[in-house]
Number of protein chains: 2
Amino acid sequence: MKEQVKDKRTAILEAALKLFTERGFHGTSTAQISKDAGVATGTLFNYFPTKEDLINSLYFEVKGELSRSMGKEIEEQSTFKDKLEKIWSNLVKWGVENQEEFLFVGQFCNSPYISKFTRDEVMKEYIFLHNLVDEGIREGEIRDFSAELTIAMFYQGSRTVVNLILDSDSSLDENKILEDGFQIIWRGLAK
Amino acid sequence: MKEQVKDKRTAILEAALKLFTERGFHGTSTAQISKDAGVATGTLFNYFPTKEDLINSLYFEVKGELSRSMGKEIEEQSTFKDKLEKIWSNLVKWGVENQEEFLFVGQFCNSPYISKFTRDEVMKEYIFLHNLVDEGIREGEIRDFSAELTIAMFYQGSRTVVNLILDSDSSLDENKILEDGFQIIWRGLAK
DNA sequence: CTGTAAAATGACTGATTAGTCATTTGTGTT
DNA sequence: AACACAAATGACTAATCAGTCATTTTACAG
């Protein structure tokens, strides 16, 4: 038997991610996922009882990665603005470096049949950001808008920047877009 | 024969819009669309040669409506800021009042198999906004970021606000969210 | 080796899919 | 009425789908 580089579950998730971003959820058959993952059709269902389970599992894994990346090296930042800028940079760089995962999240969040439950569930991953924003409001660093609005504008702003970078043919000024994007959001939020 | 309130084409598009936002593109069968539209399965294909044609036609129609709504009563605004705020308000109100259309656009733009061509094609609808932003930059009303970044942050900001309004159980402060959202973006962009 | 349990397999199924096409129905003209 | 033409129809098909399950392979214990 050949050395097994990664377990079947991971292989399935990776194949699924690639195909989903290429063809969408319903446009990708479980048979194709199995084939690309190098496993039998039945094996997929040993790990994920249904296709929807597979999609949800993939989403949780990807969101976990994103959530972890988001919080990297925050403690090292001294000012509130620096912290926020670090998170911004983490979010954008994660999206650019993990294009498939980034697109998958976009697809997932805009797909209708994936319910509010999952969306709420995922928002828990952002407690960290929520706390920081609450603190920023309390301490007068940023203006007193609702935390939901503040977080949504910030997070979606970072996604907008990633989309711009991914679209732009010239990857010349990736950093320029990242920084300009943050300037816009920061000036919008700061007191 | 009963009076025909609307032609079959429109009935098909309306049924498709509803089903797409409920179940996604691939999750909706042409048979179901035909049934909901009150026409035979064959009739759908008289109007739209393929399912993908139907999706694209629907997108162009919806984007046309959005584009028209966006530009309403702009001439009546005197200052640059007022114009931008009016567009913002038009965008948000269109999204809130045309929830299905709004969600459909989100789905469409995040679906992978709908290509760059269509996305570019649609950007032409925004020439009007593009021109306004260019003018605003030239005349020093807003800061000199790239027009693409400025427009994207503005447009996606308005979508973020709509999503927040649609999600919030309490539709109490719809206007508050709209106005706060604009404040954030305006302060971010203004000189 | 041998026994055993878990993991993997792929042929198979019943349901569903987008799209076809020979036929019927409706409309307007003379 | 009789014709012509377009619009609408729905039974049909070939392909594909998610998911099943009896069987085989693998991993490991004694």
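Letters A, B, ... are given to chains in the order of the sequence lines, protein chains preceding strands, and every chain is numbered from 1.
Atom CD1 of Ile33(B) and atom P of dA8(D) are 17 Å apart (whole Å). Taking atom CZ of residue Phe25(A) and atom P of nucleotide dA18(D), one finds them 13 Å apart after rounding to whole Å. Remark: P of dA27(D) and CG of Asp7(A) are 14 Å apart, rounded to the nearest angstrom. Between Leu54(B) atom CG and dT17(C) atom P the separation is 15 Å, expressed in whole Å. His26(B) has its NE2 atom 19 Å from the P atom of dA15(D), to the nearest Å. As a whole-Å value, the separation of Gln32(A) CD from dA18(D) P is 11 Å. Here the C1' atom of nucleotide dG19(C) and the CZ atom of Phe45(B) are 5 Å apart, to the nearest Å.
In this model, the phosphate group of dA7(D) is not approached by any side-chain N or O of Tyr47(B) to a distance below 4.0 Å at OP1 or OP2. Look at Lys35(B) and you won't find any side-chain N or O under 4.0 angstrom from OP1 or OP2 of dG10(D). Between Thr43(A) and the phosphate of dT9(C), there is a side-chain N or O to OP1/OP2 separation shorter than 4.0 Å. Using a 4.0 Å cut-off, some side-chain N or O of Lys8(A) falls inside it from OP1 or OP2 of dT9(C).
Ring orientation note: the planes of Tyr155(B) and Tyr126(B) are tilted relative to one another, at an angle of 30° to 60°. In this pair, Trp186(B) and Phe80(B) present their aromatic rings tilted. The plane angle is within the 30 to 60° band.
Comparing dA18(C), dT9(C), dA18(D) by their nearest atom to the side chain of Asn46(A) picks out dT9(C).
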Anything under 3.5 Å between a donor and an acceptor, one on a side chain of residues 97-108 of chain A, the other on a protein residue two or more places apart or in another chain? List them.
unit_1: Asn98(A); atom_1: ND2; unit_2: Trp94(A); atom_2: O; d: 2.9

Side chains of residues 127-140 of chain A: which donor-acceptor partners sit under 3.5 Å, not counting sequence neighbours?
unit_1: His130(A); atom_1: ND1; unit_2: Asp134(A); atom_2: OD2; d: 3.2

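In this model, no side-chain donor or acceptor of Ser29(A) finds a partner on the base of dA18(D) within 3.5 Å. Side-chain atoms of Thr50(A) stay outside donor-acceptor range of the base of dA18(D), with no qualifying N/O pair under 3.5 Å.
Each of Thr41(A) and Leu44(B) was assigned the nucleotide of DNA chain D with the nearest heavy atom; the assignment lying further toward the 5' end belongs to Leu44(B).
Salt-bridge check for Lys86(B) with Glu73(B): passed, with a basic side-chain N closer than 4.0 Å to an acidic carboxylate O.
Within 4.0 Å (heavy atoms only), Ser34(A) reaches no atom of the nucleic acid at all.
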